[in-house]
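Before any comments, here is the structure.
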Amino acid sequence: MNSGPQKTPSVFDEFFADAKDGNDEFAVMHLGEGALTLPFLVEEELLVPLSFVRDVGAGSTMTFELVFTAAWEAVEPLARHGVNPALGAQVLAALGGNPQRADADPQRYLRLTLSALEAFRGRGMSRHEGRAYLAIGTALERCRRMPDALTAYERGRALLEEAGDEHGLRAAHARLALVMGEIGLIEQSLLHAEAGLRIGRSLTAPTGPTGRPAVGQAHITHTLHLRRARALMLMGFDDDAESALADWRREAGDGDQFDRLVVTGQLRLRQNRNNEAVDVFIRAIDTRFAALDTATLPGRTHYLENSAKLFGEAIGAALSIGRADLVVGMLAAMAARRPRRPQGPAPTGVRPLDEEIRTLARKATSAAVAGDASALTAHDDRARILLETRDALVHGARSGKVREPVTVADLTRAVLFAAGHGELALAYAQSSQNEIVVLAVTDGTVLYRTAELPADRLSRLVALAHDECVRRTDPQTVRHLGKVLLAPVADLLATASRVFVTAQGPLADFPFHAAPFHDKPLVASVQVRTLPSLALLGSAGERRRRTAPQGAALRARVATVRQPRYEVLPELPTLRTEAEAVRRAFPAAVALHDDEATAHAVREAVESCDVLHIAGHAAFDPAHPNMARILLADRPLFAFEVATASAAPQLVNLSGCRAAAERRNLGGEGEGLAASFLAAGAETVVAPLWPVRDDAALAFNSVLYGQLARPGTQVGTAVRNAQLALLADPNFAHPGLWGAFTTLGGL
C-alpha cells in the first residue's frame, strides 16, 4: 500500500464532501497505481472502518486478505448513507476481494452487484459501469445462468472499450474466454484469449513492490494464457498447444507454474504419455497443495474446491500406470492442514476481535432461542469473517520461519509406513468411472480394489442408512451397504487387529464400525478408528499409540446441564450419574452442574484442563456450522467461540446429540462443534454422530471411563470396549444406539 503525492480524484472524495459524519466513521486506504489492474476495483482506493483500524492496531501488517476483509466490513455502515458511487465502488471491492464469502450466497452476491451498477448509472461513468457488469457476470455464473453471464460480460466489454479502459477490457476478454471454454464454445474462447493477449502486449504494465507486474495484471495475463493453451489442446492442435505453453512460460517466467503444469499434464494424457502426465501432475500438486499454508479455512477450501478436477485426473493417471502408492500421497495432499498457531502472546488486534466474538455470541444466543434461521445464517457469516480476520492476524505474526515444503513423495512414504504391525488403513473414494474405490495400506504397500456398487447410488443408500440409525428401524441398508463396502478388503480385514477408515463425500458419516463382517459388526473383530483424511495417519506417528490421559495430576472438568431454562427441551436425568463415571476415572475432576455450568465457566475449562466432559443438549445445522452449539446453563457455547480458545484439552468428550456432526471440505477438514475443539488444539474428541437416548449415553460413558481408569489404556481401545458393551446389551444393540459414538482427531 502507498499514499503517493499525486492522488487522482475519486468517488470517495465526493462521499466525504457530501457526508457530514463520514470522516468520523471511515478511513481511506490508497492501494497504489497497480490497483486498477484488478477488475473488481473501480478506484485506486477503498474505505475501511475506523473501528477495524483500531481493532487491528498500530503497526500491524495489513495483508491482502485483511485489506479486503476491512472493505467488506465497511459496506454495511456505508450503505446507511444511501446509494451513491462510493457505495458501488466499495461493494465491488468487497465482493471481488472476498470470493469465498461472496460465493457463500450467490443470490445475495447478485443483488449486491446489481446495487453497485445502479449506483453508477446515469452519471457518465462508463468505466465504473463496465466493471460492474463484469462483477454481475461473475455473480450470474455462480447462479448457473451462463447465457445471462455472457450477455453481462459483452455489455461490460462494450462499455470498457468506450471508456478506453484497457485493463478492464482485457479482464472482459478473459472472462468471456473462460465462460465460453466452460460451455464448449472453444473457438470463441480462443478468439477472446488471443484478443486479450494482444491488448496486454501493448500495455505498459504497472509493477508491484517486488518489481513484478501488479497482481491484477499478472492474474489476467495468466487467465488468458491458460484459456488459449487449453482451447488449442481441446481443438486437437497439440503442436500449437505446445507452442502456447512455451509462449506462456516465456512471458510469465516462474510465475503461473501451477496451472501451466496442469495443462501440460492434460496434454500428456491426450498424447497417451501417461507416465509423463503423472510426473507433471505431481509437480503441480507439490507446487501448491502439498506445501499449502493458507491461514484460514475458507482459503484452504477455496483451493481444494477449485482443483478437484486436477486431483481426479492425477489419481486416474496414477492408477492407469499401476501406481496406487502415489494415489495415497495425493489423497494425503488433499487434506487441508490448519497451520499450527505460533507460541507466545497474542498479537496486537486479537483482544478487540475476541471482545467482538463475545458480543456475537450474545446476538447468536438470541437468534438461537428465537429459532431465527435467517439471523443465524447472518451470524454464521459474521463468525466466518471474525475467525478469518483473527487467523490472519495470529498467523501473520509468525516469526518468519520458512516451513519446509512437503511433497507427494514425502506424504506417500509417511502414510505407507504409518500403519504398524496388524494395522490396516482404508481410504474410500469415488472414481470418474462411477466406481467406489478403496485403497488399502498394509505392510508398506498399497492395494487398489473396487466395490460392486455404482457410485451414483451411494448418496441415497447412505441417507437411508442414516435414517435407519436415527429412527432405529430395521438396519437393512446399514447391513447391505456395509457388506458391499467391506467385501473388497475382506481378506485383509481377516488378519488385521486395528483398522483406520477415511472416506470422503457421503460416506464420511457412515458407521463403518457397524458394517457386517463375518455376520457381526466389524468392531467385534477389530478396533475401528475413523480419520478425516490419510494425512492424519501419516502425521500422527507415535502420538496415535499414546495411552489415554491418566494420573492424579491431570486436570479434569465435567460440565452437565440437564435442562437449559431458555429452551423447551426434555430433562436429561442421567447426567449426574454420567459425571460420577468421569470422577471414578479421574478422582480429582471438578464438576460444574446445572447453574454452575455457564458458558464462561466452560470456556475457561476449555483452556485450563487436560480432560473435558460436557453433557447436555446440543444442536447442529449444516447451513450454519459455526453456530453449532452445546446448551449450557445461561446460554449456548458456540463452535466459533471454542475455535478461538488459546489452548484445549487432550481429550474432549461431547455427550450431546449430533455433537460430532460437521460440514466437511474435500480434504476432510470440518466445521462444527467437535471440529472447533480440534481447531483449538484438542488431540481427541469423542462424540455421537446423531441423536442418542440419554440411557445409551450413560451406558457408553460408564464403560468408557471405566476403561480409561485402567493404567495403559488407549482411547481407541476404551471406545471400542464401550461400543462392544452396548452391542452386547439387548437394550442398546441397534447400531443407531451403540454405533453413534465416534472418535475424531489424533486418536
Side-chain angles (χ1 to χ4, degrees), residues 6-49 68 70-98 102 108-140 148-173 175-176 199 206 216 220:
Q6 298 182 352
K7 176 183 174 296
T8 304
S10 76
V11 296
F12 297 113
D13 295 321
E14 287 182 40
F15 167 73
F16 280 106
D18 295 339
K20 295 179 181 178
D21 58 346
N23 284 305
D24 298 328
E25 203 170 358
F26 304 104
V28 178
M29 179 168 288
H30 190 62
L31 302 175
E33 65 166 333
L36 292 183
T37 64
L38 290 163
F40 56 82
L41 287 174
V42 295
E43 299 288 346
E44 293 183 12
E45 56 193 25
L46 47 75
L47 299 184
V48 297
F68 288 101
W72 185 278
E73 292 281 272
V75 168
E76 184 177 340
L78 185 58
R80 292 196 289 268
H81 295 269
V83 176
N84 55 63
L87 177 62
Q90 190 75 17
V91 164
L92 294 182
L95 289 171
N98 296 275
R108 183 186 179 209
Y109 185 2
L110 180 57
R111 288 194 300 271
L112 286 169
T113 56
L114 289 170
S115 73
L117 177 63
E118 189 62 30
F120 302 136
R121 273 185 169 162
R123 298 173 182 264
M125 306 174 76
S126 298
R127 176 168 62 80
H128 293 68
E129 279 193 60
R131 293 195 177 207
Y133 271 110
L134 298 189
I136 290 170
T138 303
L140 288 165
D148 293 333
L150 285 174
T151 301
Y153 287 146
E154 285 288 4
R155 177 61 179 153
R157 183 188 64 78
L159 284 165
L160 293 165
E161 190 169 25
E162 174 188 316
D165 179 4
E166 292 186 309
H167 287 296
L169 189 56
R170 289 179 75 240
H173 281 299
R175 299 279 176 84
L176 285 162
I199 294 171
I220 297 302

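The chain is numbered in sequence order, starting from 1.
For E166 and R170, the salt-bridge test fails: no basic side-chain N is under 4.0 Å from an acidic carboxylate O.
E25 places a side-chain heavy atom less than 4.5 Å from the side chain of R80. Y109 is listed as a side-chain neighbour of L95, based on a closest heavy-atom distance under 4.5 Å. The side-chain heavy atoms of L41 and L92, taken from C-beta on, include no pair separated by under 4.5 Å. The closest side-chain heavy-atom distance from L140 to L110 is below 4.5 Å. Within the 4.5 Å cutoff, the side chain of R157 has heavy atoms near those of the L169 side chain. Side chains of V48 and F26 form no contact here, defined as non-hydrogen atoms less than 4.5 Å apart. Contact annotation: the side chain of L31 never approaches that of L38 to less than 4.5 Å [non-hydrogen atoms, C-beta and beyond]. Side-chain contact between V11 and E43 is present, with at least one heavy-atom pair separated by less than 4.5 Å.
In terms of the ring-ring contact (aromatic ring centres under 6.0 Å, His included) criterion, residue partners of F120 (sequence neighbours excluded) are, by chain and number, H128.
Within the 3.5 Å criterion, the main-chain N or O of L36 finds a donor-acceptor partner in the side chain of R131. Judged purely by atom type and a 3.5 angstrom limit, R127 uses its side chain to pair as donor or acceptor with the backbone of V42. The closest donor-acceptor contact from the side chain of R155 to the backbone of Y133 lies at 3.5 Å or more, if one exists at all.
Here the shortest heavy-atom pairing between A74 and L47 reads CB-O, 3.7 Å. Contact record, V75 with L87: O-CD1, 4.0 Å, taken as the closest heavy-atom pair. Of all heavy-atom pairs between A89 and F12, the closest is CB-CZ, 3.9 Å. The heavy-atom pair separating A163 from S126 by the smallest distance is CB-CB, 3.8 Å. L46 and A71 get closest at one heavy-atom pair: CD2-CB, 4.1 Å. Minimum interatomic distance between F68 and A93 (heavy atoms only, all atoms of both residues): CD2-O, 3.5 Å.
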Original post:
Taking it one step at a time, do L176 and L150 satisfy side chain to side chain contact (heavy atoms under 4.5 Å, CB included)?
Top reply: CA-CA 7 Å; L176 285 162; L150 285 174; 3.9 Å; yes
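Rounded to the nearest 0.5 angstrom, R123 CZ and E14 CD are separated by 7.0 Å. Note that the CD atom of Q90 and the CD atom of E73 stand 11.0 Å from one another [nearest 0.5 Å]. Expressed to the nearest 0.5 Å, how far NE2 of H81 lies from CZ of F15 amounts to 4.0 Å. Atom CG of residue D148 and atom CD1 of residue I136 lie 11.0 Å apart, to the nearest 0.5 angstrom. The distance from atom CG of N98 to atom CZ of F40, rounded to the nearest 0.5 Å, is 8.5 Å.
Side-chain atoms of T138 and Y153 include a donor-acceptor pair closer than 3.5 Å.
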